[in-house]
Amino acid sequence: MTAKQEEMQTLLDSLDLPSIGTTQNDLMTAEISTEEIKKAIGKLKSNKAPGSDGFPSEWYKEFEEIIIPLLHSTFNWILSSGQTPPSWKEAVITVLPKPLKDKEHCQNYRPISILNVDYKIYTSIISNRLQSFISDLIDEDQTGFVKGRQTHDNIRRTLHIINSIHKKKLSAALISLDAEKAFDRVNWEFLYLTLEKFGFNEKSIKCISALYYKPTGRIKINGSLTNRFSLGRGTRQGCCLSPVLFALYIEPLAQMVRQDTRITGIDIGGQEHIIGLFADDIMIYLSDPVKSFGILMKIFDRFGQSSGYKININKTQTLMFNCVTYQGLKKWKIKWDAKSIEYLGVNIPKDPGKLYQNNYERININIRKDIERWSTYTLGLSERINVIKMNILPRLLYLFLALPVEIPQSQFQKWDKLTSRFIWEGKRPRIRYHTLQLPIIKGGRALPNLKEYFRAAQIHRLVYWCNTEYVARWKDIELFTPRFPIQTCMGENGVPATAKEHLDLNPITLFTLENWYYVIKQLKLGKEIRLLKWTAYDDKFRPAQFDHRFKQWAEKGITAMCRIIKKGEMREFQELKDTYGLINQDLFRYMQMRDYYEKQIKTEEHKIHPIIKTFIQAYSENIPKIISVLYKHLMDSKMGSTLYVKAKWEKDLREKISEEMWDDMWKVHQTTTQSLKWREFAWKNQIRYFITPQIKGKLIKTQQLCWRTCMDEDSNQTHIFWECEKIKPFWETIHFTICETLRYKIPRTCLVMYLGYLEKTVHKSDQNLVKVLLVAAKKAITKNWQKADAPTHKQWMYIVEEIQTMERLTYKLRMKEDRFLKDWEKWFMYKTRKGYDILLTL
């Protein structure tokens, strides 16, 4: 062992770090199964650049049955031998310019490393194995790259700490440390010794170190590759294992800070908060900065000498609270009098009252600039809505999740107006804004409702209150209510009077509850929320006020009433005895609680709102994609629909359309071809998007006749597309052709041919083809918009062929051409019979 290695080992030996055992090591080195490989292939993202071997992820998905046996033997050979294929050692590095930076300087380019897909599959499997126990090794202070932990955890925790500093008037500092190219500076020797310290055995370390044995890189510039060069440090970019390895690598630094008794953090509820990490983004909380900062810098210096980690002191940010003197700190060239700092994409001010101003006002300026720029692009309706979904929503949602701060109703209105103006290109909207916000399957375009996303983001914290498996430092702060559990407030319409006596609610927790009470009021959930009551602390359950045994039940796990309810009935006493360790003397208490449940709380299962069901579910399991789940339930509760459009069709057609039929029609239109453009066009027809003479007449307040010179005065949507005497022969021809293609009859009605009600009229195997044939017919009509002549059969055929060509290309790219040929088989047979292939070519 070299002197350098001895220094690393000495540092690690001084730390109190957890260690894995035989079970975890056996898991790491166990033979890789075909199921693991199949699962890893299934998670590969499509449309991503392949590595130097040229094989993309789609290739692995298409030929997985053939490839998996080969990968199975290869991966297990690598695992046992500790050697990797030569192709795994090479990374192709592409450089991308950083936005708003001078492109003439190398430092203003960001390198993107591309590795082979089979390498990613292997490292994905090893990473998944690590993730199954890494939370036992990495402290809760680290919220990056550990399954179940989130970026917003550290932001919320930091806001709680600032609130506590103001409340207690502490002399304190928040220090946000910036590292120089942290991932690129990882020392491999230190990483392997760290793994050994964490209890990884030689075989486990070998299966990881093999990936770092003499790797090389080649930079791709203007389509050409440089010569190979060796890589001697850093985690491999693009490797599925790198994030987890970095979390393990940085944990000794966090532990060095935590266990140094000379550094004093911020005490909240008996817990000391000193450090928070999200990958390499580090926040330090100090209650005596003048004394602690110098010690802290020495710790970072010592860690850096062994590990390669280096602090960029010039980019370090600080927030000082109630510190009059900075003597002893000025030798570090840091801005000590900052009024706010940037942390994980959020501006955190010293004054919590400026959270809204510092974040939302700034993002509003950027959003307006972006929309002004995008407004100059030629984009369709759906493309503009997708811009809002993919660019505006994520930026705002990030703030919704991170900041517990009220947003004025006027701000939501401004966002809606800005969005509407962008979507409709500054023109008069043709479709109601709330209709666009409906789910696609219900006839909308899934345009985000920002207000409901905000509510979902705020109340999702309550889901984590209920879930005992979710662990986070901010949660420890919010749940520190020794005499009265904060969760029981969820079962009320407001903070109970008893709770107010015992709870010292901080502004963040109170704001979260206020949002919950707002949702309760809006959805009228006053009775259903009783299922979330903690009976032991329920004012209306009189026995609990005199019998402290019920509070002991809560300590055993009988908390919210919903936990002991099964299929609408209270679980049997014997079952509760076995589950929670009750005793025979608890039988009478059980009967008291059951009587209270039957008379005051019981709600029929089918009447429980999905929002309440979500919180009930949270008490027993994790809920994936919780924001999406809550948002969906909130939107479903708004009772919006396109039934007003259905009523217009019923009036025009003089016949009844059931809601079931209406829903089936939307499903048809939203599955018409693989093209977003054609699906949007199909939607426009059913939603009555087009400006007919009747609509135009209302706008200019002058009666407009049908432009086909049929002299019809009621030229509405139905007339223009279906009932006009000049358009009927066209539909007769299309209907005849479709029947000849299918070799069976379908009804020639507006419901079938125009609105697409195919459920009971067209065989399932033929529906994909018929959808295309019908949408092409409607497109032929709009191509002849405001022309006296109706479209021809030949025009329709050309549109069908145009769609068919793009469909085939799409299926080919997705390696599913066999499915395309099956869907279009009858059309090809029809064209062959009629000789249309030759005619269309001519």
Side-chain angles (χ1 to χ4, degrees), residues 139-141 143 148-168 170 174 265-276 278 283 285 343-344 346 348 352 355 399-406 454-492 494-496 498-520 529 532-534 536-537 554-555 559-560 614-615 618-619 622-623 626-627 630:
D139 192 88
E140 297 156 24
D141 288 330
T143 60
R149 302 181 190 177
Q150 303 173 15
T151 316
H152 309 102
D153 290 345
N154 273 356
I155 298 174
R156 194 172 180 92
R157 177 191 183 189
T158 300
L159 294 177
H160 272 297
I161 290 171
I162 291 176
N163 176 70
S164 181
I165 290 171
H166 281 296
K167 183 179 179 180
K168 298 176 182 178
L170 298 176
L174 269 60
I266 310 296
D267 183 84
I268 303 177
Q271 283 195 355
E272 189 176 32
H273 298 263
I274 298 179
I275 187 170
F278 182 84
M283 180 70 83
Y285 312 105
Y343 180 58
L344 299 177
V346 170
I348 299 179
L355 269 174
L399 293 184
F400 294 167
L401 291 166
L403 303 179
V405 57
E406 187 62 62
F454 172 74
R455 295 299 175 195
Q458 296 305 322
I459 67 172
H460 95 284
R461 297 290 176 181
L462 297 162
V463 174
Y464 297 139
W465 285 6
C466 302
N467 191 330
T468 55
E469 293 182 14
Y470 187 86
V471 178
R473 293 294 191 207
W474 65 263
K475 185 178 173 183
D476 295 339
I477 296 171
E478 292 183 18
L479 299 189
F480 180 70
T481 52
R483 300 180 62 188
F484 200 98
I486 190 69
Q487 296 97 319
T488 195
C489 295
M490 295 169 56
E492 306 286 347
V495 179
T498 308
K500 290 179 179 177
E501 297 175 10
H502 303 294
L503 295 179
D504 184 15
L505 294 177
N506 60 59
I508 298 172
T509 307
L510 186 59
F511 178 74
T512 304
L513 282 171
E514 286 172 350
N515 274 277
W516 173 237
Y517 297 142
Y518 175 88
V519 171
I520 291 171
I529 59 170
L532 303 177
K533 282 176 175 280
W534 284 35
Y537 298 90
E555 293 171 3
T559 53
T614 300
F615 284 95
Y619 269 103
N622 289 319
I623 304 174
I626 183 60
I627 298 297
L630 292 173

Would a 4.5 Å heavy-atom cut-off, applied to side chains only, mark [X] and [Y] as touching?
X      : Y      : answer
Gln271 : Asp267 : no
Met283 : Ile275 : no
Trp474 : Ile155 : no
Cys489 : Tyr537 : no
Thr488 : Leu532 : no
Ile274 : Tyr285 : no
Leu513 : Ile486 : yes
Leu401 : His460 : yes

To the nearest 0.5 Å, tell me how far [X] [atom1] sits from [Y] [atom2].
X      : Y      : atom1 : atom2 : value
Thr151 : Tyr343 : OG1   : OH    : 9.5 Å
Ile165 : His160 : CD1   : NE2   : 13.0 Å
Ile459 : Ile626 : CD1   : CD1   : 8.0 Å
Ile266 : His273 : CD1   : NE2   : 9.5 Å
Ile268 : Arg157 : CD1   : CZ    : 8.5 Å
Leu355 : Glu406 : CG    : CD    : 13.0 Å

Do the side chain of [X] and the main chain of [Y] share a donor and acceptor less than 3.5 angstrom apart?
X      : Y      : answer
Thr512 : Ile508 : yes
Thr143 : Phe278 : no
Asn515 : Phe511 : yes
Lys533 : Ala560 : no
Asp153 : Gln150 : yes
His166 : Asn163 : no
Thr158 : Asn154 : yes

Taking the basic N atoms (NZ, or NE/NH1/NH2) and the acidic carboxylate oxygens, is any pair closer than 4.0 Å for Arg156 and Glu478?
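Salt bridge present between Arg156 and Glu478.
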Is Arg149 salt-bridged to Asp141, cutoff N-O under 4.0 Å?
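Not counted as a salt bridge, because no side-chain N and carboxylate O are separated by less than 4.0 Å.
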Distance-minimising heavy-atom pair for [X] and [Y]:
X      : Y      : value
Ala456 : Ile627 : O-CD1, 3.8 Å
Gly148 : Tyr470 : O-CE1, 3.1 Å
Ile623 : Thr614 : CD1-O, 3.2 Å
Met490 : Cys466 : CE-SG, 3.5 Å
Ala618 : Val463 : CB-CG1, 3.6 Å
Ile529 : Glu492 : CD1-O, 3.2 Å

Under the side chain to side chain contact (heavy atoms under 4.5 Å, CB included) criterion, do Tyr619 and Asn467 qualify, and how do the steps go?
CA-CA 5 Å; Tyr619 269 103; Asn467 191 330; over 6 Å; no
Within 6.0 angstrom of Lys168 NZ, more than 12 heavy atoms from elsewhere:
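Enclosed: over 12 neighbouring heavy atoms sit under 6.0 Å from NZ of Lys168.
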Between Trp516 and Arg461, is there a cation-pi geometry (under 6.0 Å to ring centre, at most 45° from the normal)?
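Judged by the rule, Arg461 and Trp516 form no cation-pi pair.
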Working note: Glu514 + Leu510, criterion side chain to side chain contact (heavy atoms under 4.5 Å, CB included); need CA distance, chi angles, decisive distance, verdict.
CA-CA 6 Å; Glu514 286 172 350; Leu510 186 59; 3.8 Å; yes
Is it the case that Thr509 and Asn506 place a side-chain donor and acceptor less than 3.5 Å from each other?
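Result is yes, a qualifying pair exists.
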